[in-house]
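Read through the structure below, which is laid out as structure tokens, and then see the notes.
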Amino acid sequence: MNDEILPQIRPQPGIMEIALYVSGQSSLAGKAEVLKLSSNENPYGPSPKAQAAYAEAAATLHRYPSTDHAALRAAIGAVHGLDPDRIICGVGSDEVLQFITQSFAGPGDECITTEHGFSMYPILAHAAGAVPVEVAETDRRVDVDKILAAVTARTKIVFIANPANPTGTMVPGAELRRLAGALPMGVILVLDGAYAEFAGDYDGGVSLVEDFPNVVMTRTFSKIHGLGGLRIGWGYARREIIDVLNRVRQPFNLSLGQMAAAEAAVRDVDYTRWCAAENARWRDFLRNGLVQMGIACDESFANFVLARFDTPDEADAADAALKEDGILVRKVAGYKLPECLRITVGDEAACRRILGVLAAFKGVR
């Protein structure tokens, strides 16, 4: 290609404003085996039933998958008590979030995110040509009043992860309802529930979707269901919104294997409940251990904890100590939390190992 042509080939507005997403580290130089606690993965893996369904799908890989995801949507609806016709499925919940942003925001519009919010939200806003507007949090918690104060005539979407990543904190149900009730009808409230299953009896936003026409909730199979490697997610909203989103969804966005594994995973309710119970047990154990050795840690409602050290330098030193022992956690300076490390809740052995290394680092018993 003639180099003289390149200056005339320019991306759409907002594209070059995107800061590339950085995933959790998965390997360490000089370490043949690592304990990976950097990506909030389910330490127990997917349901055996999901694994069997995925293997069985291999026999039909020459067939195109269904374009309407009917069987998967029916399974999600049956398990969660939802109308399947109001469910949309995507390549992870990230793709559903992309559908929402692409459909309802564009140049000149604003999308509200929060100070420590998931880094994909501003990426999606920029990709649509919209402007991400960051709103301050209060003590690592989403502040409804600050969000409402930031709403303007140009606001089209408000993104909230509940429970939040990477803080693990949560907006109480009454506050979410207050926010939904106060937003103009022309503003979509997106409730990203990637970690909803870890938060006890939280419905992920179902009741708000039923009561407010401008609320959309999303969920993922990557966390509690242990299918991060397959990338499957879904969203739920009024039928009118789902109809819009389906118009920008590619017809074959999910494969046979993805849908088969996801359907089996969501129907294996006993396994899901067991994973949630184990996570709650060892999450409390891990948090209490950190607090007892003088490392601050908010109550978490997700499958990770956010360890807060006294300074960014101490956090870096703790991270180095963990890596020396072959343990990977997530540094979150990019989320404006340079003094923190996000630690995925592993199984019993992993949690005990983390506390042992950090106790030695802190010089405590």
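No hydrogens, no waters, no symmetry mates; every other heavy atom, side chains included, goes into these values.
Identified under the side-chain hydrogen bond (donor to acceptor under 3.5 Å, both in side chains) test for residues 228-239, with sequence neighbours left out: Asp83-Arg239, Arg86-Tyr236, Glu210-Tyr236, Ser222-Arg231. Listed by first and then second residue, the side-chain hydrogen bond (donor to acceptor under 3.5 Å, both in side chains) pairs involving residues 42-62 are Ser47-Asp268 (not counting sequence neighbours).
A 4.5 Å side-chain heavy-atom check between Arg219 and His80 finds at least one atom pair inside the cut-off. The shortest distance between side-chain heavy atoms of Val135 and Thr113 does not fall below 4.5 Å. In this structure, Pro172 and Glu175 have side chains that are in contact, with non-hydrogen atoms separated by less than 4.5 Å. The closest side-chain heavy-atom distance from Glu339 to Thr311 is not below 4.5 Å. The closest side-chain heavy-atom distance from Asp192 to Phe118 is below 4.5 Å.
Between Arg154 and Glu110, at least one side-chain N (NZ, or NE/NH1/NH2) sits under 4.0 Å from a carboxylate O, which counts as a salt bridge. Salt bridge status for Glu134 with Lys336: present, with a side-chain N to carboxylate O gap under 4.0 Å. We find that Glu314 and Lys362 are joined by a salt bridge, their nearest charged nitrogen and carboxylate oxygen being less than 4.0 Å apart. Look at Lys331 and Asp316 and you find a salt bridge, because one of the NZ, NE, NH1 or NH2 atoms lies within 4.0 Å of a carboxylate O, short of that distance. A salt bridge links Glu41 with Lys36: at least one charged nitrogen is closer than 4.0 Å to a carboxylate oxygen.
The two residues Ala196 and Gly204 make their nearest non-hydrogen contact at CB-CA, 4.1 Å. Considering all non-hydrogen atoms of both residues, Leu230 and Gly257 come closest at CD1-O, 4.3 Å.
Between the side chains of Glu137 and Thr114, at least one donor-acceptor pair of N or O atoms lies under 3.5 Å. For the residue pair Asp298 / Thr169, no side-chain donor-acceptor distance below 3.5 Å is found, with atom types taken as modelled. At a cut-off of 3.5 Å, with distance as the only test, no side-chain donor of Asn165 or Tyr335 sits close to an acceptor on the other residue.
Follow the hydrophobic side-chain contacts under 4.5 Å out from Phe301 and you never reach Phe304; the two are in separate clusters.
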Under 3.5 Å, which donor-acceptor pairs do the side chains of residues 179-187 form with other protein atoms, sequence neighbours left out?
none

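Using the six-membered ring where Trp is involved, Phe361 and Phe309 have ring planes that are perpendicular, over 60° apart on the 30 and 60° scheme.
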Report task. Quick one: do Tyr121 and Ile112 satisfy side-chain contact (heavy atoms from CB on, under 4.5 Å)? Show the steps, please. Result -> CA-CA 9 Å; Tyr121 305 150; Ile112 290 179; over 6 Å; no
Query raised in the report: Would Phe198 and Arg283 count as a side-chain contact (heavy atoms from CB on, under 4.5 Å) if you check the C-alpha gap in whole Å, the side-chain angles of each, and the deciding distance to 0.1 Å?
Result: CA-CA 10 Å; Phe198 300 107; Arg283 178 183 62 199; 4.1 Å; yes
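The aromatic ring centres of Tyr64 and Phe252 sit less than 6.0 Å apart.
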